[in-house]
Amino acid sequence: MVGPPSWYQLAVFLFKGKVKMKKILFFTLPLLIIVSVVILLFGVIQVHSQEDRLMDDLRRKAETVAESVELSAKYVLINNDMSGALRLVGKFQNKRRAQGAAIYGKDGRLVAVTERFKDWKDEDRQYHKDVLKKKAAKDNLSKFKKIYVYSYIVPVMDDKGELLGMVEMIYDTSYVFARSMDTWKSIIATLVVLVISLILIAALFLRQMFMVPMEKLTSWFKHFQNGESSKMPCIGKKDDMGGLVSEVEQVALSLKVARKTVSDAASARIDKEEIWTESKLKDLVHAKLGDSSLVVVSNREPFMHVIDEKTGKVKCVRPASGVVTAIDPIMRACGGTWVAQGSGNADRQFVNSKDKLGVPPEDIRYILKRVWLTQEEEEGFYYGFSNEGLWPLCHITHTRPIFRETDWQMYKEVNRRFADSVVEELPAKNAFVFIQDYHFTLAGRMIKEKRPDATVALFWHIPWPNTEVFSICPYQQEILDGMLGCDLIGFHVQYHCNNFLDTANRLLECRVDNEKNSIVRAGKETLVRPFPISIDSQFDSAVSAGESVEIEKIKNDLNLKDKIVAVGVDRIDYTKGIVERVLAVDRFLEKYPEYKGRFVFVQLSAPSRTKITRYHDLSEEIDQLVEKKNSKYFDGSWKPIIYLKRYFTPEEIKPYYRIGDICIVSSLHDGMNLVAKEYVAAKTDLSGTLILSKFTGASRELTDAIAVNPYSIEEFADSIKTACEMSAEEKRQRMESMRRNIQEHNVYRWAANIISEMTGLQKKWTL
Ligand code: F6P
């Protein structure tokens, strides 16, 4: 029960904004208007009748007094007794209220007047003339100096009825208006009290009827979301709020039952499953996280709203990003919140007041929370420290990392902003945070400082270099310390884990436990584990009718029929080995000219990080190189390289994988490389050969690919020839084996492993 509030509580309640004045006014304004109009009308009538009453009294009084004075005036006028006249009018001088009398002759001339009205001139007054003419009494209201005066004038007659003159009684009427003012004051005071009372009553009514039940409902939902059933308040009686309470309880109950069923079934199944699917991951998440959900943070957002330059319309695109490819299916399966930079030029149009939106837009599965960065922040954090510093530091491609102090300061600030944004999303209990990549080396510790109970994992999507390489970073200590704020750090392969353990051991004050693959710093343990990332099954479906049409169209448009087609799909990045690929195609055609006119290499290239000079220059370098090589071989109809430079959606990429007899992945260094896996998944007919750089994480799993060293152009060219000449049976065997690997080690298994590891850690702390 909520008892009546004290005055203090009421004041706090009103003025601290719990009850919004606007809402109260909205409810009470019509009533207030009606009440005010009625009271004011009533006031007007009351004042009017009061004035009439007072003036009536005055008239009667004046009449009486005038009649009593008339007789004395008669003798004064008959005898022309001036001193008698002055005595007579002088009697009114000392009266409490300003009043007086005047005596006039029969010609209307003033004979005598009370001293206080000495300025009362015998002016030409119409009512005097009327009295003289009609010989009848008359009253009048006029202004004398600044006051309104009431006068009552009677004719004075001798015994024969002859007119002798007039007597006028004069009264100051200010007190009548003073009384009216007093009445108005009390009416207004009553109105104010009434209005305040009405507002207070409305506020109390609002609070009791709506706000208290709403607050209870909100807190009930919060605890329900957090799985804190013991803290869930009683929402109210079943018929409160039009039966809403009972409906809510019904939904909650069904949800609880459904969750319990799912979690029991999942717990029984988890270990037995071989092929992981979206629904199995969903089951696992419910079983392991219960009512809690995952909060993921990355720089790149999974959906960007951008204005199409051609049409001017806004479109929603999925950025070309390994992080997006891997994490989006997991979020679709598990729900939760993904915190990322809002980088699309129309992004702000699609978020709510908390910068959130449901995604995917066509089938909402999880929440995307956009964090806005200023241009300065993006330049320092993203382009500067992340991609001119850490990116080249971690990729062995001989591009010199650039470390600027200003970028580092901005990187720290932005990590703090993302950490704060993540903390806002964490449930009260069972908080799980999954940080993505090198953009957020410091966020893990920052989150833990505010929420030590949260389980925080970081997945490093790029390679981790050896200690010598990493030790050139001027901020090595802070970065390692920040990362070790996390409970779990994942890399694609054991080799990167080993590099990290060794780096921490040699550069930081900590203890490395080689048996457990963990690092203990200042009493806190961080597990380091390999989790080879993968893809979901969206590329692994049979060719649809619509797709066949698209495939035919591409083949016709690009003149690919009867050709051996090799494909490459990449962001334009110096780590991807695109230049080396073009050189290898060139060398292949030089060495094996019989393939001229029979072989075409199609490269889909998405522009990336173009504000960075190195990327800008690389893009131009590739354009020129492709042009040079094409003109070298162009025979009037055939050219060896088709270079398509634009962003392609996953749906647009898929037909190219289907067409590709060969897929070339020639990264100079790559954490995993999901293009290799997507290609294998798309080859449902078991045709196709994958040429895969030895320096990708994927090469450790896809051992049936043709492995190449992209720096060795001779070897690379030969591998293209091997792919072209591989027998259909060998291709089938290799493809089958690679597809099996990907099906078994898909992204759902990857997520299941990480989530299981995280929940295992959480259990340890709660014991
Ligand atoms: O996979 C590595 C990675 O850096 C991801 O973190 C990122 O999403 C992707 O490459 C694309 O890079 P960017 O987000 O800078 O466009």
Side-chain angles (χ1 to χ4, degrees), residues 296-304 306 317-331 338-344 347 368 370-371 373 377-395 397 399 401 407 411 414-415 418 434-441 443 458-465 490-493 496 531-535 569-578 604-612 614-616 618-619 646-648 650 653 665 667-678 693 695-698 747 750:
V296 164
V297 54
S298 72
N299 171 64
R300 185 59 65 204
E301 61 179 336
F303 294 92
M304 275 165 94
V306 289
V317 296
R318 275 185 43 149
S321 154
V323 168
V324 171
T325 307
I327 308 292
D328 177 61
I330 292 159
M331 292 302 279
W338 185 335
V339 180
Q341 191 204 151
S343 46
D347 271 358
L368 168 61
R370 287 174 170 156
V371 175
L373 298 189
E377 282 172 334
E378 194 184 34
E379 271 165 17
F381 157 76
Y382 172 73
Y383 289 108
F385 196 76
S386 298
N387 287 317
E388 286 191 285
L390 289 179
W391 179 269
L393 178 74
C394 294
H395 290 90
T397 59
T399 294
D407 290 348
Y411 181 85
V414 173
N415 266 251
F418 273 82
F434 191 16
I435 304 172
Q436 309 303 315
D437 241 344
Y438 56 99
H439 308 91
F440 297 114
T441 55
L458 162 69
F459 190 78
W460 196 260
H461 289 256
I462 61 176
W464 187 272
F491 294 94
H492 290 296
V493 293
H496 298 154
F531 298 107
I533 205 167
S534 195
I535 54 167
V569 179
D570 302 87
R571 284 185 304 105
I572 303 177
D573 192 300
Y574 50 85
T575 62
K576 301 295 178 186
I578 302 171
L604 313 186
S605 286
S608 175
R609 306 172 190 168
T610 43
K611 282 192 189 171
I612 299 174
R614 177 75 175 90
Y615 284 79
H616 179 262
L618 173 73
S619 182
R646 71 169 170 89
Y647 163 74
F648 286 81
I653 293 172
V665 174
S667 308
L668 303 182
H669 202 186
D670 216 332
M672 173 54 72
N673 194 290
L674 294 181
V675 167
K677 293 189 174 182
E678 283 174 356
S693 159
F695 309 124
T696 60
V747 77
W750 175 80

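Just so it is clear, the values below take in all heavy atoms, side chains as well, and ignore hydrogens, waters and symmetry mates. Read the numbers this way: they start at 1 and go in the same order the structure lists the ligands and their atoms.
Legend: residues meeting side chain to side chain contact (heavy atoms under 4.5 Å, CB included) with P401, ordered by chain and number and at least two apart, are P392, L393, F403, I472. Applying the side-chain hydrogen bond (donor to acceptor under 3.5 Å, both in side chains) criterion to W338, with sequence neighbours excluded, gives S298.
In terms of heavy-atom proximity, H395 sits nearest to H669 at CD2-O, 3.3 Å.
Contact atoms of ligand 1 toward V323: 5 (C), 6 (O), 8 (O) (distance under 4.0 Å to a heavy atom of the residue). The contact set between ligand 1 and Y438, taken as ligand atoms under 4.0 Å from a residue heavy atom, comprises 4 (O).
To the nearest 0.5 angstrom, H461 atom NE2 is 13.5 Å from H496 atom NE2.
Scanning the protein for heavy atoms near atom 8 (O) of ligand 1, the closest one is S321 OG, 2.5 Å. Of all protein heavy atoms, the one lying nearest to atom 3 (C) of ligand 1 is D437 OD2, 3.8 Å. When only non-hydrogen protein atoms are considered, atom 12 (O) of ligand 1 lies nearest to R609 NH2, 2.9 Å. The protein heavy-atom contact nearest to atom 11 (C) of ligand 1 is R571 NE, 3.3 Å.
Close N/O approach between H439 and ligand 1 is not found [any backbone or side-chain N/O within under 3.5 Å]. In terms of N/O distances under 3.5 Å, ligand 1 is approached by Y382. The shortest N/O to N/O separation between R300 and ligand 1 falls below 3.5 Å. For the pair H461 and ligand 1, the shortest N or O to N or O distance does not fall below 3.5 Å.
Looking at D407 and Y382, their side chains never bring a donor and an acceptor atom within 3.5 Å of each other.
Annotation: side chain of F381 is not in contact with side chain of N387 (no heavy-atom distance under 4.5 Å).
With hydrogens and angles disregarded, a donor-acceptor distance shorter than 3.5 Å links the side chain of Y411 to the backbone of H439.
A cation-pi arrangement is not found for R614 relative to W391, the charged atom failing to lie both closer than 6.0 Å to the ring centre and inside a 45° cone about the ring normal.
Residue contacts with ligand 1 for Q436 are absent, since no atom lies close enough (heavy atoms, distance under 4.0 Å).
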